Amino acid sequence: MTTFENDYSAGAHPKVLQRLVETNLEPLTGYGNDQYCASAKEKIRAACGCPDAEVFFLTGGTQANAVVTGTVLKPYQGVLAADTGHVAVHEAGAIEYTGHKVLTLPHHDGKLDPAEVADYIRRFYEDENHGSMVFPGMVYISHPTEYGTLYTKNELEQLAEVCHSHRIPLFLDGARLGYGLASRETDVTLETIAACCDVFYIGGTKVGALCGEAVVFPQGGAPEHFVTLTKQRGAMLAKGRLLGVQFDALFTDGLYWEIGRHAIEMAERLKALLKEKGRRFYLESPTNQQFLIFEDGELERLRQKIVVSFWEKVDAEHTAVRLATSWATTEEDLEELRKCL
């Protein structure tokens with residue numbers, strides 16, 4: 001079977017796997033206190049242009065979202081997110097499990113509107129009963145969004161202004177950040193994100209690593225005893241080397257950017273192929289996720305040879321699906337899809 005199901009179906013990029021093999025027998029101290037974690041952190045600080053950034057390695061996106069939200073928010077606060085946001089829909093209530101509420105706002109192709117965020121916060125404090133309500137204590141966004149769309153630099157700056165004027169942090173989920181940064185249609189860089197966000201993470205799981213996300217507090221200011229709080233939540237990996245070695249490899253010789261560019265190149269060819277075949281797009285995405293609408297009978301036939309991801313039912317006879325490219329997508333994959341269409 002040829003798969004476009006997601007961007008983490010394959011294991012690890014060969015260069016990442018090679019470094020894991022090369023360092024495998026080295027006896028290293030645990031819990032992220034080894035030289036590879038230290039080296040990876042320095043390379044990430046340099047890439048962000050933030051020499052004072054605090055960097056922490058966690059194993060997955062849901063874990064990163066839950067740990068950051070659960071440690072940054074005060075007990076009476078919730079997190080604002082788009083109603084399509086990952087924390088609101090596809091994390092099985094992980095945020096609520098930490099004791100915090102996800103406060104949802106309407107999405108616009110997956111994105112939050114800065115003016116609507118500002119209006120929500122204003123109306124909250126105008127409510128004379130707000131002392132009995134869940135306070136908005138953080139704004140959560142993802143880049144790319146669940147719909148493969150991207151924030152512009154101006155939109156990020158506006159969101160940052162809203163958050164900082166109300167003294168609440170802006171948190172960016174970067175599970176697929178490498179593909180967003182590599183998009184041909186973006187004006188956002190890693191330095192932009194570091195300048196606008198109080199905390200964000202650089203996704204590894206979906207961008208060439210076996211697992212791992214690098215949580216970055218670009219200007220410092222991580223919650224006090226963040227490492228202790230992480231361990232308390234069962235999120236501390238004893239073999240921290242596993243994450244350090246991988247991120248050290250990803251941020252050596254531009255590999256992270258190379259992986260992103262390859263996936264975007266494959267996505268652009270995928271998009272051209274689908275348009276050539278007259279396929280109906282659910283929406284326009286400039287990243288590695290492409291969304292199509294298929295008649296259900298045709299989709300069933302396609303799935304005999306091609307793996308795609310269900311997105312949502314459009315109507316009684318049509319379904320929206322997602323096709324994702326990654327570092328592992330090949331020309332042969334695209335050719336097989338062409339034959340099946």
Side-chain angles (χ1 to χ4, degrees), residues 7 13 39-57 61 64 68 86 109-114 139-164 169-209 212-221 246-268 284-289 325-327:
D7 37 23
H13 188 282
S39 175
K41 289 177 182 182
E42 281 304 315
K43 290 175 181 177
I44 288 171
R45 291 186 185 107
C48 295
C50 297
D52 297 322
E54 295 179 76
V55 183
F56 305 89
F57 298 117
V68 169
H86 207 262
D109 287 338
K111 298 191 288 185
L112 285 176
D113 180 277
V139 171
Y140 164 95
I141 59 175
S142 61
H143 184 84
T145 70
E146 293 298 286
Y147 287 89
T149 52
L150 297 171
Y151 286 90
T152 65
K153 181 181 179 182
N154 183 54
E155 287 170 335
L156 285 180
E157 290 173 343
Q158 288 184 52
L159 280 169
E161 183 178 351
V162 170
C163 288
H164 298 158
L170 177 60
F171 173 32
L172 185 145
D173 174 333
R176 293 187 168 92
L177 184 56
Y179 304 133
L181 296 174
S183 172
R184 298 172 181 176
E185 299 181 27
T186 189
D187 62 350
V188 170
T189 65
L190 190 55
E191 291 89 345
T192 304
I193 290 168
C196 291
C197 298
D198 299 280
V199 55
F200 65 93
Y201 65 90
I202 300 169
T205 302
K206 296 171 180 173
V207 194
E213 324 295 314
V215 175
V216 182
F217 292 84
Q219 308 307 324
Q246 291 185 90
F247 272 94
D248 194 50
L250 288 171
F251 279 82
T252 297
D253 297 330
L255 179 58
Y256 196 73
W257 319 109
E258 176 188 320
I259 286 171
R261 287 192 297 271
H262 174 79
I264 294 300
E265 175 63 26
M266 292 294 102
E268 291 297 327
E284 282 289 330
S285 165
T287 62
N288 71 313
Q289 301 178 86
T325 60
S326 74
W327 62 269

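Owing to the predicted nature of the structure, the values given are computational and were not obtained by experimental measurement.
- When every heavy atom of Phe171 is checked against every heavy atom of Ala64, the shortest pair comes out as CZ-O, 4.4 Å.
- Side chains of Val207 and Asp7 form no contact here, defined as non-hydrogen atoms less than 4.5 Å apart.
- The aromatic rings of Phe56 and Phe217 stand perpendicular to each other, their planes meeting at an angle above 60°, with 30° marking the opposite boundary.
- Taking 4.5 Å as the limit, some side-chain heavy atom of Gln219 sits within range of a side-chain heavy atom of Cys50.
- Side-chain contact between Ile193 and Val216 is absent, with no heavy atoms from C-beta onward closer than 4.5 Å.
- The structure places OH of Tyr151 at 6.0 Å from CG of Leu159, a figure rounded to the nearest 0.5 Å.
- By the 6.0 Å contact criterion, CD on Glu161 is open, its count of non-hydrogen atoms from other residues, nucleotides or ligands being 12 or less.
- Side-chain contact annotation: Thr252 with Lys43, donor-acceptor N/O pair under 3.5 Å present.
- We find the CG-CG distance between Leu150 and Asp109 to be 11.0 Å, quoted to the nearest 0.5 Å.
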| Taking it one step at a time, do Ile259 and Tyr179 satisfy side-chain contact (heavy atoms from CB on, under 4.5 Å)? | CA-CA 8 Å; Ile259 286 171; Tyr179 304 133; 4.1 Å; yes
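- Residue His13 holds its NE2 atom at 5.0 Å from CG of Leu255, rounded to the nearest 0.5 Å.
- A 4.5 Å side-chain heavy-atom check between Val68 and Tyr140 finds every atom pair outside the cut-off.
- Thr189 and Glu191 share a donor-acceptor pair across their side chains, judged by distance under 3.5 Å alone.
- In this structure, the separation between OG1 on Thr287 and NE2 on His143 is 9.0 Å, given to the nearest 0.5 Å.
- To the nearest 0.5 angstrom, Phe200 atom CZ is 14.5 Å from Ser142 atom OG.
- For Glu258 and Arg261, the salt-bridge test fails: no basic side-chain N is under 4.0 Å from an acidic carboxylate O.
- Using a 4.5 Å heavy-atom cutoff, the side chains of Leu190 and Tyr256 are not in contact.
- Put simply, the side chain of Glu157 reaches to within 4.5 Å of the side chain of Cys196, judged on heavy atoms.
- Judged by distance alone, the side chain of Glu213 and the main-chain N or O of Ala175 form no donor-acceptor pair under 3.5 Å.
- For the residue pair Gly148 and Ser285, the shortest heavy atom distance occurs at O-OG, 3.0 Å.
- Minimum heavy-atom separation, Tyr201 to Leu177: O-CD2, 4.1 Å.
- Considering all non-hydrogen atoms of both residues, Phe251 and Ala47 come closest at CE2-CB, 3.9 Å.
- At least one donor-acceptor pair under 3.5 Å links the side chain of Ser183 to the backbone N or O of Pro286.
- The shortest non-hydrogen separation linking Thr186 to Gly180 is CG2-O, 3.5 Å.
- The closest donor-acceptor contact from the side chain of Asn288 to the backbone of Thr325 lies under 3.5 Å.
- We find the CD-CG distance between Glu155 and Asp113 to be 8.0 Å, quoted to the nearest 0.5 Å.
- Here the side chains of Asp187 and Thr192 are not in contact, with every heavy-atom distance at 4.5 Å or above.
- Among all heavy-atom pairs drawn from Ala214 and Phe247, the shortest one is N-CZ, 3.6 Å.
- Looking at heavy atoms from C-beta onward, Leu250 lies out of side-chain contact with Ile202 at the 4.5 angstrom threshold.
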